[in-house]
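Below: the structure, in structure tokens.
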Amino acid sequence: MLKLFNRFARSSPPHTRTLTSTIFEPTPEEKQVMLDQTTNFLNNFHVNNPSPIAGSGHAWIGSSAATDEQDVVLEKLSALDLRIHEDPIPLKSVLADVLDPAARLSMDDRHPGYLAFVPSGGLFHSALADYIASNLNRYVTINQAAPALAQIESECVSFLCSSIANYPPSTSGGVLTTGGSMANMLAIHLSRREALGNKDLPNATLYVSEQSHYCVAQAARFVGLIPKHIKVIPSDPKTLKMDTSYLRSVVQSDISSSLTPIAICATAGTTNTGAVDDIAACRAIADEFDTWLHVDAAYGGAFAITETGRNVLGDLSVADSLVVDPHKGLFLPYGLGALLVKDQKKLLRANHEDGACMQPTNFFDTHGEEPFVDTMNLSPELTRDFRGLKLWLPLRLIGVQPFRDALEEKLALAAKAAGQIEAAENTGHLKLLHPPQLSVFTFKYDNPSKRGAELDALQLELLNKIHVKGRCLLSLFRSINGADGELCLRMCVLSHRTDEAAVEAAVQDIIASARQMWNNE
Ligand SMILES: *Cc1c(COP(=O)(O)O)cnc(C)c1O
């Protein structure tokens, strides 16, 4: 026995420490450091990061070529030791020496002046929820494993179904995903299963607009549609809404060529310009040809909780499936999207698998009526995070009304900024191209004597001039619609931190930069 033990001891690697699970538990010091660091991070937010471009800058937005700025970033990056080491390193030093400088080396999406890509303010309450959820580490995709926590997730889905989709509570449902792209993927899979069951896809077609997010067509390819059967419908040159009479004619002609439409995919708030398709017209076409209507409202959906937004979006409840991204319009940190469906039974039918290692469940919701569906049967995900908490906790702690007010404010701020830019058309040499339908709009520097590449270069120059002032971050959009494929600048107001002062500063910088360019020409 002793001999055996000795042999075992000799074979242990020299660095083995006491083999006990306590090594995986936080020390009291680590807990304190974590609290201090988080508090510090929040308190010093503006002091440490006076500009949204402080870290990784902006030049790449206008250029894929190497820039001086990128060289500086690369130099800072190479100074960081990001490797995994054999020996432990204390939390304090990992935070101070690695994570803090690493985080500084990035765009600051949480900054009030971040008006570039669809921003996500990153609510603290959600970060707290993530921390709690990961520490709890409960299995929420199977009801019986954590019934109350699983019901928190389904409460989130019910909340989104009623307050955004306006779906009937008795039939609707859905599933929380990591984001809009995954939710769209699940929706396209669902529409395919509804149209074809497990049959082959050689004749299946799907319709997107040229303004749709790329992930919808990508989802169709992923599901197995033949690329040429993913039909891209043009949009109105002014509003960028899908041309629904063109859509109708394409669907009709496809059906007469023995093709099978599986879904019409409309967008309620495109990422680039916030264009809202005519959802009612799309519904009518879907009904006429007996096909699925999917609506991608990843960006725009959250506005449905406001009165102004509801008027712009129209009745979303006519969609068979709807995607919303709480990590956009509800200000959550990245990592939460949702697929909502009018009839949850269909989603269940499209995803349910008889897993050999899983017990069949027969669990009823708190009303004791409908069997409570296990989330594992609503999507291909089995083991995953308790992600509903990051939506539920902020809504519980803050209440819904402040979200409604904040979103109304974003709509008003975008409208005001666009109005100011339009008013400066003559003096500022700016042109408002796509006025905001929701909280995003585009504009350009206008010089009637310039065209094509020369005019594009002026847009890049304007963007750069605005950015170096350091108060806001914008992005670019090239309208593929219209003969010249105009390049323009784009402002998206969506962070909960973006207030009147931040937008005012951005507008001042835009107008002043354009005037400066005009005077130099
Ligand atoms: C952002 C967006 C997506 C993609 O969602 P992710 O959460 O980034 O995966 C899809 N559609 C629209 C309209 C979007 O704005």
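In each ligand, atom 1 is the first atom listed, and ligand 1 is the first ligand listed.
- Between the side chain of Glu153 and the main chain of Leu149, no donor-acceptor pair closer than 3.5 Å is present.
- Counting only residues at least two apart or in different chains, salt bridge (charged side-chain N to carboxylate O under 4.0 Å, His left out) contacts with residues 304-327 comprise Arg283-Asp320, Asp325-Lys328.
- Identified under the ring pair (Phe, Tyr, Trp, His ring centres under 6.0 Å) test for residues 207-237, with sequence neighbours left out: none.
- Scanning for salt bridge (Lys or Arg N to Asp or Glu O under 4.0 Å) contacts around Lys346 gives an empty result, with sequence neighbours left out.
- Of the charged side-chain nitrogens involved, at least one lies within less than 4.0 Å of a carboxylate oxygen, so that Lys231 and Asp254 count as a salt-bridged pair.
- Within the 3.5 Å criterion, the main-chain N or O of Gln211 finds a donor-acceptor partner in the side chain of Ser209.
- Residue-level contacts of ligand 1 at the 4.0 Å heavy-atom threshold are Gly179, Gly180, Ser181, Asn184, His213, Cys215, Gly269, Thr271, Asp296, Ala298, Tyr299, Asp325, His327, Lys328.
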